[in-house]
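Notes for the one structure printed next.
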Amino acid sequence: MPLSDQEVRRREEREELEKLGINPYPAEPFEINASVENILQHYNSENQTNKAKYEDVSLAGRIMSQRIMGSASFAEIQDATGRIQLYIQRDEICPEEDKTLYNTVFKKLLDIGDIVGVRGYVFTTQTGETTIHVKSFKLLTKSLRPLPIVKEAEDEEGNMVTYDAFADPEQRYRQRYVDLIVNPQVRETFKKRTQLVNSMRSFLTDQGYMEVETPILQPLYGGAAARPFKTHHNTLDMTLYLRIANELYLKRLIVGGFDGVFEFAKDFRNEGMSRFHNPEFTQVELYVAYKDYNWMMDLVEEMVEKVAIALHGTTEVQVGKNIINFQRPWKRFTMFEAIEHYTNIDISEMNEQQLRETCKKLNIKVDDSMGKGKLIDEIFGEYGEPKLIQPTFITDYPIEMSPLAKKHRTKEGLVERFEAICNGKEICNAFSELNDPIDQRERFEEQLTLGKRGDEEAMVLDEDFLRALEYGMPPTAGLGIGIDRLSMIMTNSQSIQDVLFFPQMKPEVRKKESTDEEFVSHGVRAELVPILHKLGILNTEQFAKSSPSKLHNDICGMRKKMKLKDVKNPTKEEVAEWIEKAQQ
RNA sequence: GAAUCUGUAGCUCAGCUGGUAGAGCAACGCCCUUUUAAGGCGUGGGUCCUGGGUUCGAAUCCCAGCGGGUUCACCA
């Protein structure tokens with residue numbers, strides 16, 4: 001694509017700077033002794049003696065606005081912590097005769113988006129704005145692309161109003177760097193996400209559990225029910241899968257004798273995308289020996305409550321229209337209780353046929369590949385899950401849908417499993433882990449049967465994992481928490497894309513561009529190539545497909561429009577010849 | 001995959017039932033030493049997503065395609 005006039009101008013400015021002996025991309029470091037946040041928070045509340053600390057501050061950031069006047073100007077710079085106003089006076093920057101640094105460099109060659117370092121002192125303007133009175137500045141990076149300009153102001157009632165917001169989701173996600181520059185609330189969301197992970201990590205580490213790493217490339221995928229991404233290793237000439245979970249590896253480590261391990265893991269699932277699903281997502285999984293799922297529920301409550309307090313200073317979090325309170329203890333329901341509560345149907349004694357009929361009665365679509373567990377899950381997913389707004393534990397799942405969980409100690413047909421549901425979505429999943437190798441083998445075999453019935457997500461049998469269990473895994477409680485989903489709740493985000501820096505997107509469509517020489521080789525005069533570009537003909541394939549008379553017309557029209565008086569129009573015959581040549 | 005909305009200047013958008021493409025911000029030039037979305041005067045900048053059709057005439061109407069959003073479906 002041809003450059004816009006603003007881009008062309010910035011490239012010219014870059015050259016101008018170099019001519020003036022100013023390197024637009026200097027190598028040496030720039031010393032910083034202050035941050036915007038620190039100055040804005042503390043300067044005004046300091047007494048006179050402490051204000052002296054702000055007499056020589058040095059900070060760096062991106063120019064976000066410029067208000068240029070005759071011999072003094074205002075600008076704003078933004079560093080990682082916020083935005084602050086600069087005041088620049090010509091005769092202070094340029095005490096000598098030569099006013100180039102102010103008149104040319106600052107006023108003409110710097111733009112919004114450029115990164116600069118400044119030194120000066122802090123003061124308060126007549127309008128009460130904390131401002132840096134600049135004594136010297138240095139260009140640190142020239143920006144060649146104009147930023148979208150977002151402005152904020154207070155309206156008459158004192159609310160912040162955003163003008164010209166950079167809000168197109170496609171551009172925001174594809175060019176997250178721009179989103180982060182111009183939308184401060186986006187930076188806040190991601191800071192919160194990192195705080196969330198940090199507070200979990202320190203909670204788990206403080207409990208004495210060990211953070212570990214396990215393979216992402218796995219010869220067999222397991223630990224969850226999902227379709228995997230498949231890849232190939234050349235040297236070993238074997239198929240490998242990107243992990244859909246790390247459960248089976250962490251349990252091997254429990255077999256190995258660690259009594260508490262956890263991993264923050266990127267997992268990959270080759271499934272549909274939606275505002276709750278991205279093909280790669282993050283989970284933390286935790287396994288603790290000698291514990292059960294009741295113990296794990298207590299841990300989840302405590303940990304998530306701590307996260308809420310770390311991020312918000314309170315257990316209450318606003319999510320959409322709801323205020324969610326993470327304060328312990330959370331409600332606990334068995335799955336059958338929850339279904340009965342919301343549908344008035346007791347399904348606890350039903351067989352597969354009866355469940356199938358119940359689903360029909362409740363308008364739930366069923367097909368033959370669904371077993372008993374899946375049917376129950378469908379009912380709960382339709383009638384229970386969406387209604388659970390406050391954090392709630394759902395316990396005791398049917399055995400068919402939980403092939404890695406231990407059979408319930410007292411209730412036939414169920415397993416010791418729970419999920420925490422919050423804002424209508426699952427945020428964690430945990431069991432008393434199945435450690436009986438014979439039982440585990442049978443469960444895998446049932447999965448194989450389901451797979452044959454057409455369930456594409458049925459689990460595969462992992463012989464090495466079974467071998468590990470045969471050596472003996474202690475009774476263990478296991479947990480998985482979806483970090484993205486929890487981040488969505490904790491940051492009041494509507495879409496998973498808002499808590500992922502770089503959500504998966506369709507590839508950007510970009511037209512191939514041919515060089516000028518390729519056009520010239522078909523007989524086109526070089527001076528006509530810019531006209532073709534302007535017409536949107538960027539490569540010779542497009543060119544070859546054009547109709548000669550239309551192209552001739554377009555070229556002549558565009559030549560006039562571009563006011564290229566010195567360029568001679570081609571004749572119709574010439575154009576036809578070029579195209580013919582291009583088609584060969 | 002389905003429904004629906006949408007594609008106009010660097011950005012945000014207006015442009016009604018067809019009649020020479022508009023605003024604000026950004027950019028460029030001039031004026032202004034503390035401004036508050038700073039202001040004033042002036043200037044430049046558009047394959048109106050693409051391709052067909054209807055028409056004397058299409059950003060606008062029709063058809064097809066492409067891109068994107070949202071919702072639904074799929075999704076432990």
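Keep in mind that this is a model prediction, so the values were computed, not measured. So you know, we letter chains A, B, ... as the sequences are listed, proteins then strands, and number each from 1.
With P as the reference atom, rU47(B) and rG29(B) are 24 Å apart, rounded to whole Å. If you take atom C1' in rA59(B) and the same atom in rC48(B), they sit 5 Å apart, rounded to whole Å. Here, rU36(B) and rG42(B) have their C1' atoms 24 Å apart, quoted to the whole Å. With C1' as the reference atom, rU8(B) and rC13(B) are 9 Å apart, rounded to whole Å. One P atom belongs to rG67(B), the other to rU50(B), and the distance between them is 15 Å to the nearest Å. rC74(B) sits 35 Å from rA14(B) when the P atoms are compared, rounded to a whole Å. Comparing the same atom, C1', in rA9(B) and in rC28(B) gives a spacing of 15 Å after rounding to whole Å. A gap of 13 Å separates the P atoms of rG45(B) and rA23(B), to the nearest Å.
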So if I define the base as every atom that isn't primed, P, OP1 or OP2, how would nucleotides 23-36 of chain B read as a B/S/- string at a heavy-atom cutoff under 4.0 Å? -BSBSSSS-BBBBB
With the sugar-phosphate defined as primed atoms, P, OP1 and OP2, and the base as all remaining atoms, what B/S/- string results for nucleotides 71-76 of chain B, 5' to 3', for protein heavy atoms under 4.0 Å? S-BBBB
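Taking a pair to require two hydrogen-bonding distances under 3.5 Å in either a Watson-Crick or a G-U wobble arrangement, rC48(B) remains unpaired. Under the Watson-Crick or G-U wobble criterion, with both distances below 3.5 Å, rA3(B) is paired with rU70(B). Base pairing annotation: rC75(B) forms no Watson-Crick or G-U wobble pair, as no partner gives both donor-acceptor distances under 3.5 Å. The partner of rG29(B) is rC41(B), judged by Watson-Crick or G-U wobble contacts that both fall below 3.5 Å. Pairing of rG19(B), defined by two Watson-Crick or G-U wobble distances under 3.5 Å, is identified with rC56(B).
Distance alone, capped at 3.5 Å, is enough to place a donor-acceptor pair between the Glu7(A) side chain and the Ser4(A) backbone. A distance-only check finds no donor-acceptor pair linking the side chain of Tyr121(A) to the backbone of Val134(A) [under 3.5 Å]. Between the side chain of Asn429(A) and the backbone N or O of Leu479(A) there is no donor-acceptor pair closer than 3.5 Å. Not a single donor-acceptor pair under 3.5 Å links the side chain of Glu378(A) to the backbone N or O of Leu375(A). With Ser274(A) contributing its side chain and Phe276(A) its backbone, the two residues share a donor-acceptor pair below 3.5 Å.
A salt bridge between Lys407(A) and Asp439(A) is present, with a side-chain N of the basic residue lying under 4.0 Å from a carboxylate O of the acidic one.
Checked against the 6.0 Å centroid criterion, the rings of Phe393(A) and Phe333(A) do not qualify as a close aromatic pair. Between Phe74(A) and Tyr87(A), the distance separating the two ring centers is shorter than 6.0 angstrom.
In this entry the distance linking CE of Met505(A) with C1' of rG69(B) reads 10 Å, nearest Å. Taking atom CG of Asp168(A) as the reference point, atom P of rG68(B) lies 11 Å away to the nearest angstrom. Going from atom CD of Glu170(A) over to atom C1' of rC66(B) covers 12 Å, rounded to whole Å.
Nearest heavy-atom pair across Arg275(A) and Gln494(A) is NH1-O, 2.7 Å.
Phe431(A) is not listed as a side-chain neighbour of Val415(A), based on a closest heavy-atom distance of 4.5 Å or more.
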